[in-house]
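Below, read A as the first sequence line, B as the second, and so on, with proteins coming before strands; counting in each chain starts at 1.
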Protein chains: 2
Amino acid sequence: MSPVRTPEETRMKILETALDLFHRGSFTGTSINQIVDKAGITKGALFHYFKGKNELGYAVVEECLRRQIQEHWITPLATSVDPINDMLAILDKMSQMLVDEPHILECGCPLNNLSQEMSSLDDTFRLKLLELYREWELAIEKSIRAGIDAGNVRSDVDPESASSAIVALLEGSIGMIKAHQNMEYVSRVGQGITRFLLSLKP
Amino acid sequence: MSPVRTPEETRMKILETALDLFHRGSFTGTSINQIVDKAGITKGALFHYFKGKNELGYAVVEECLRRQIQEHWITPLATSVDPINDMLAILDKMSQMLVDEPHILECGCPLNNLSQEMSSLDDTFRLKLLELYREWELAIEKSIRAGIDAGNVRSDVDPESASSAIVALLEGSIGMIKAHQNMEYVSRVGQGITRFLLSLKP
DNA sequence: TTGACAACATACCAACTGGTCGGTTTTTTA
DNA sequence: TAAAAAACCGACCAGTTGGTATGTTGTCAA
């Protein structure tokens, strides 16, 4: 007989439901009642695992969002010596995600959304999100250095400012995509991103 | 004797207070009570001028935010034939604004904030904000065309995708600045923006 | 088998939300 | 100058918010 209580799964269910609702709506705009309803649990369970709504948000950042960044950016770039082509490949995959999961077209990037919403309201949120951004930027920065050494990136590129600009361009683009909500804009801004990345090639 | 009731001023006061609170906080996170308190008026006055909170938001977009975009981007670029240098000059002015009005460092761009927050929640908001973005992009696009004709921009630059990427990069940058909240990051990402713009030069 | 504790459930709370409505005061119009 | 209309006030409303207190149920070690 399978156990009726699976605490790890319950916790995960809460985190994933919260992530999804924060993504589709917003942190402030999502109520605890919505989360417990959609997760099929009760407030008692939620407050058993998380001290409050903010703590739940922090956990979503540190567990869910960190995993996503790791998976999509940090791991693929970890051993890259040709970051420009590798990033273009990642963007191709992302672009495909926009087709497969259309709600991303409307809802944007969960990391960006949460950062835009909470950075000016709660410093703990801001710092936790900033940490993710730093990890992301550093992964790109490191790969650019490797790319320069391997002769795949122009030697006059400054890895620091380039990686910051790349992250800013990507987050800005996904934000604009959310406002446009159509694939024509996606390909238009995609061309712009591609041109920028190619301009870093020797 | 000066009139005790100045309806135009009252309406403006409401709009400006709402803009400021939406900017510092968010649309959803700002209550009507906050707005009327800070504006020194009452709910009766607010609902006399605006049917509801959403209508007030729409008016903020169409009146306040449009004016800001016009003032900072559209007018300066209207007659430009050297858009790269002219945009760099605008960015210099923006950078100075970050020093003079430090709350922009924390609160970001009101247009970007509202767009990120409301695009997936309310289609009327999205379309009104999108209109502003289109005007902004078109102003840049037009100036790039003029720049190409005048020999100040590379002829292989696609004005459409380039203008989209520029707006995305700028909005992304101001969003990242909001997460970082320090001037070092501003100059770092500023270098990245500068490099991108200069890469469009012949 | 039995405590002890973790894992839930549920009823409840004060504070706040956007919005309404009847009334008063000022301004404009006829 | 009278009446109509615009400008504004503030008490009130039903619904929702994040959070709590108290209880019940399942699990597992001793």
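If you check D/dG18, D/dA7, C/dA6 against the side chain of A/His48, the one that comes closest is C/dA6. Here the nucleotide nearest the side chain of B/Ala45, chosen from D/dC9, C/dG19, C/dT10, is D/dC9. The nucleotide whose nearest atom lies closest to any side-chain atom of B/Arg5 is, among D/dG19, C/dA7, C/dT26, C/dT26. Considering only side-chain atoms of B/Phe47, the nucleotide from C/dT20, D/dC9, C/dC8 that sits closest is C/dT20. Side-chain proximity of A/Thr42 to the nucleotides D/dG10, C/dG18, C/dC8 is greatest for C/dC8. Of the candidate nucleotides C/dT26, D/dT17, D/dG10, D/dT17 has the atom lying nearest to any side-chain atom of A/Asn33.
B/Ser31 comes within contact range of the sugar-phosphate backbone alone, with a heavy-atom separation under 4.0 Å but no base atom that close.
Contact check on A/Asp20 versus A/Lys38 returns a salt bridge, with a Lys/Arg side-chain nitrogen under 4.0 Å from an Asp/Glu carboxylate oxygen. Looking at B/Glu63 and B/Arg67, no side-chain N of the basic residue comes within less than 4.0 Å of a carboxylate O on the acidic one, giving no salt bridge. The existence of a salt bridge linking B/Glu141 and B/Arg145 is confirmed by a sub-4.0 Å separation between a basic side-chain nitrogen and an acidic carboxylate oxygen.
In this structure, B/Glu8 atom CD and D/dA7 atom P are separated by 9 Å, rounded to whole Å. Atom CD1 in B/Ile41 sits roughly 9 Å away from atom P in D/dC8 (whole-Å rounding). If you measure from atom CG of A/Asp37 to atom P of D/dG18, you get 12 Å, rounded to the nearest angstrom. Atom CG of A/Leu121 is separated from atom P of D/dG18 by 14 Å (rounded to the nearest Å). C/dG19 atom C1' lies 13 Å from atom CD of B/Glu55, rounded to whole Å. When the C1' atom of C/dG19 is taken as reference, atom NZ of B/Lys51 falls 15 Å away, rounded to whole Å. To the nearest angstrom, C1' of D/dG19 lies 12 Å from CG of A/Asn54. Put simply, CD1 on A/Ile35 is 11 Å from P on D/dG19, counting in whole angstrom units.
The aromatic rings of B/His103 and B/His23 sit perpendicular to each other, their planes meeting at more than 60°, with 30° as the lower class boundary.
In this model, the phosphate group of C/dA6 is not approached by any side-chain N or O of A/Tyr49 to a distance below 4.0 Å at OP1 or OP2. Look at A/Thr10 and you'll find a side-chain N or O under 4.0 angstrom from OP1 or OP2 of C/dC8.
The base of C/dG19 lies outside donor-acceptor range of the side chain of B/Lys53, with no N or O pair under 3.5 Å.
Around CD of A/Glu8, the count of heavy atoms belonging to other residues, nucleotides or ligands within 6.0 Å does not exceed 12.
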